[in-house]
Every structure is written in structure tokens, then in C-alpha cells.
Peer 1: 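Right, I'll just put the structure down here and ask away after.
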Amino acid sequence: MKETVKTWLFLLVLSLIVSVTLTAVSAGLKGRIEQNLRMVKVRSVLEVLNVPDRDGKTDAQLLALYDAKVTTPADMQGVYVYQENGQLEAIAFDAVGKGLWDTIKGLIAVERDGQTIRGVRFYEQVETPGLGGEIGTPAFERQFVGKKIAAADHVLQIIKPGVKPVLSDTEVHGITGATLTCDAVNIILKQAIERFQQSRKGQSL
Amino acid sequence: MSIEPPKTCTGSCASCPSLQDDLKKGRLALRAGIFQENPVFCQILGVCSALAVTSKVANAVVMGAAVTFTAILGNAMIAAMRNIIPRRIRLMVEVIVIAFFVIVFDQLLKAYWFDMSRELGPYVGLIITNCILMGRAEAYALQNRVLPSMMDGLGNGLGYSAVLLIVAVIRELSGSGTLLAGTPLAIILSAQPVSSGTPHLLRIPIDIAPAQLMIMAPGAFFTIGVLIYIFGAFRKQEAK
């Protein structure tokens, strides 16, 4: 009996100490971590929109740049409009969905025409490092530049390398060994593009 | 089941271990962890993460640091409590202690090296299930004083890191044709503009296609398997 009480007491005290310490650590670092998450988004939006003068800037300067050039229309969720002296330069929109392991968060930017891709960026993903994780590399993302988000009957998609000798305006190469990730990205692209086209109907943008 | 009363050391009694004894014992444990009893090569522990995070050298280094950090501090805390931990729940206590340090490391990484934290994804959290840590807590820290236990943790952490590093160098070089891609060190040393792709220390000439198999899971199996064989053969030779 005495033994049992001792055991419970030990567990209680240990758990208490550990949880209080962890709460303190978490509370202490929360601000920094949230700031990091916010900066990832801000940096990604600036990158995908290819806003100039963003190299070598501190976080605060980047935030100022973001606030000055990028607006988010209240009636269009997840859309980022880049204007230069009141002139529309480019539009970016969120492309978020389920990946192979966890949520993939990305952005697609289009030029003034609303069709030609200015950039694609997958800024948050935990796909298999070295395989599906390659969707986050510049080499993969660069392929999208200059392509179109949609043709007459289909939207932008990733296809297996080697299947087609010549890629059309709405196709980019996938990653060998990462078919499931590429399938997931295709669904994300399709949904994001369709939502974007839908939300633009009747808008002046 | 009785709890062993804490040993009280007062003055210089011959049966009480001194700092010198602790250091001597710790040095032995340190060396054993790296060489004779290397956790991955000899005990075949922690292999799952050794397979998972070794496609890039940078990831392997940080992962090794995380395991070493947890092994040292986890061992220390368990050794400090070894006389009051109720035997029946000692495994539970070990898991709590290990999980505690892993979460602290994970949070620190998220706050101060966010990119690496994103790169490693779930693997830092999965250190909690790494058999090396519980193995060392159970086999060493529960029976030994704090200082030797910490050195044992350091030895095993370094032994694990060394294996990860060897495997990662082989895999990144042959599988991606780069070394240390995407690290601050590579950014500084290679001095190439960030826009020209992920910075790396070394790139194999472009006309040699990298062996993609090496960064996939089978590549890790082959590499570790061959290394365990070579290491085992050396040990056998030495034993003769």
C-alpha cells in the first residue's frame, strides 16, 4: 500500500515538474516560433510574386515591403495582389491541401493576364526528404514559370518524366520515386486553380 | 519491492566513488559508445532514424546533435533520480524524461533554426521512440552516477552521429551529387548567389547522373548493411 502511494506520488511530482517546465519553454519561445511561421508566409508571397528588392533584407524590412506592395482583397480569400504604383503587377493565391504525410502549403502566382504563371512555391511540406520533399526545391518550382494555369479542357498538372517527349503549356515534370506526392500536388493545383478562377468571376482583377 | 535508500557520501570513505573514479568510468563508457559498443553498428539500435534522415548531410548532423543532447541530459536526469525511481514504473519515467528533452530540443529548433526544423519534419519528435535513449537509460543511467551516465550518453550520441554522418556523406554524394546542400556553412563557403539553386559545398560534374537509388530507402539499407558488415569484420579481426 505504502509502495503504491509512493509510486503515484513520484509520478505526480515528476509529471508536474516536467509539464510546468515545458509550458514555460513553450510560452517563452511561442513569440519567436509564430514570427518564424509568419515570416515564412510573407517571404513566400514576396518570392512567388517576384517582388524586386527583397534580397538581403531583414525580417522587419521584408514585412514593410510586404505591407507596401501586397494587398489582400477582403472578398477573395487567400489571394494576394501585388501592385506597383497603383498598377496591377501580379496576383498570387493559396494552394493548400493534403500531401502524402501532412498538409502541403503552396502559392501560385500569375501575371497580369491571370493565365501565365509567374512562380510556384511550396513553402510548407513534410514530404519524404530527398523524394517528395523535392517539390520544395527551386529546380522543381522553376519548371512552372511561363506555363499557363489552365487550357481549354484541363488545368496545370504534373506528369511522369519520360511519358511525353514534349510538354505542353500546362504540363511540368514530376519527381521519380515520388508518385504519391505528385498525385497529391496535382489535386492541390487543380482545386486551387479552380477556386481562383471561380472567385475571379465578376471581379475587376 | 523496496526502494534503495540514497547513498550518502560524507568525507573520504574508501567505498564512495570519487570524481576521479567517475571520470575514469565515464571515459570507458564514452569510448565504448563510440567504438566497441557503437549503438548502430554493434547494438543495431536506432537504425530506423539512421535510414530516414541520412539522405542529406545537414539533416544527419542536426539529428545526431538532437540525439546526443537528449542522451546526455536524459541520462543525467535519470541517473540523478536512480535511487528514488519506483522500479515498477521506471520505463514510464524514462519515457517521460526522454520525451521532455526531445520536446525542448524540437521547440528550440523551431524558434532558432526554423528552416532545419521544417527540413527534419517529424523525425525530431520521433527521437522519443529511438531505442538508443531508452536502452542507455535502462542499461546504464539506472545503475550509475550522474557524471559517468552523462559521458555514456555523450559516447552513444557521438557513436550514433558518426554513423549518420558516414551514411549521409555516402548517400548525399552519390545520390544527389552534392555535399551539405542548403546549410549556412555551404552558403558562406561556396559564395554563390542564392538564386542559382540550393547552395552546396561540392557538386559532382553535371554529366554524371546521380544514383537516385541512393537517396531512396533501399540506398540507405544497402549503405548501412555494408557498413555494419565492414565494421563487424574489423572488430572480429581485432578480437583475434
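We name chains A, B, ... by the order of the sequence lines, and we start the count at 1 in each one.
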Peer 1: Holding to salt bridge (Lys or Arg N to Asp or Glu O under 4.0 Å), I want the full list of residues that pass it with A/K41, two or more places apart in sequence or in another chain.
Peer 2: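 By the salt bridge (Lys or Arg N to Asp or Glu O under 4.0 Å) rule, A/K41 matches A/D94.
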
Peer 1: Would you sort out whether A/F10 and B/M81 count as a side-chain contact (heavy atoms from CB on, under 4.5 Å), showing the intermediate values?
Peer 2: CA-CA 10 Å; A/F10 180 84; B/M81 301 191 301; 4.1 Å; yes

Peer 1: Taking ring pair (Phe, Tyr, Trp, His ring centres under 6.0 Å) as the cut-off, I'd like each qualifying pair that reaches into residues 60-98 of chain B, sequence neighbours left out, listed once.
Peer 2: B/F69-B/F105

Peer 1: Atom NZ of residue position A/K147 - does it have more than 12 heavy atoms of other residues, nucleotides or ligands inside 6.0 Å?
Peer 2: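 Enclosed.
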
Peer 1: Can you measure from CZ (A/R32) to CG (B/L108) and round to the nearest 0.5 angstrom?
Peer 2: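 A/R32 CZ to B/L108 CG: 10.5 Å, rounded to 0.5 Å.
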
Peer 1: Going from CZ on B/R88 to OG1 on A/T4, what distance comes out if it is rounded to the nearest 0.5 angstrom?
Peer 2: 5.5 Å

Peer 1: How long is the gap from CG on A/L29 to NZ on B/K110, to the nearest 0.5 Å?
Peer 2: 10.5 Å

Peer 1: So which part of A/E124 gets closer than 4.5 Å to some heavy atom of chain B, the side chain, the backbone, both or neither?
Peer 2: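 Both backbone and side chain.
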
Peer 1: Which atoms of A/L14 are under 4.5 Å from chain B, going by heavy atoms: the side chain, the backbone, both sets, or neither?
Peer 2: side chain

Peer 1: Is it true that atom CD of A/Q197 has more than 12 heavy atoms of other residues, nucleotides or ligands lying nearer than 6.0 Å?
Peer 2: yes

Peer 1: Return the CD1 to CE distance between A/I17 and B/M77, rounded to the nearest 0.5 Å.
Peer 2: 7.0 Å

Peer 1: Are B/V104 and A/T21 packed together at the side-chain level, in the sense that at least one heavy-atom pair is separated by less than 4.5 angstrom?
Peer 2: no

Peer 1: B/N59, B/V97, B/I103, B/V93: which one forms the most heavy-atom pairs within less than 4.5 Å of chain A?
Peer 2: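 Answer, by heavy-atom pair count under 4.5 Å with chain A: B/V93.
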
Peer 1: Please check if the side chain of A/N36 supplies one atom and the backbone of B/A111 the other of a donor-acceptor pair under 3.5 Å.
Peer 2: yes

Peer 1: Quick check: do B/Q107 and A/S26 have side-chain heavy atoms less than 4.5 Å from each other?
Peer 2: yes

Peer 1: Around atom NZ of A/K57, are there more than 12 heavy atoms from other residues, nucleotides or ligands closer than 6.0 Å?
Peer 2: yes

Peer 1: Picking from A/V126, A/T128, A/L37, A/D102, which has the most non-hydrogen pairs under 4.5 angstrom with chain B?
Peer 2: A/L37

Peer 1: Could you check which of A/V25, A/L11, A/T176 has the highest count of heavy-atom pairs closer than 4.5 Å to chain B?
Peer 2: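 Looking at each option in turn, the highest pair count goes to A/L11.
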
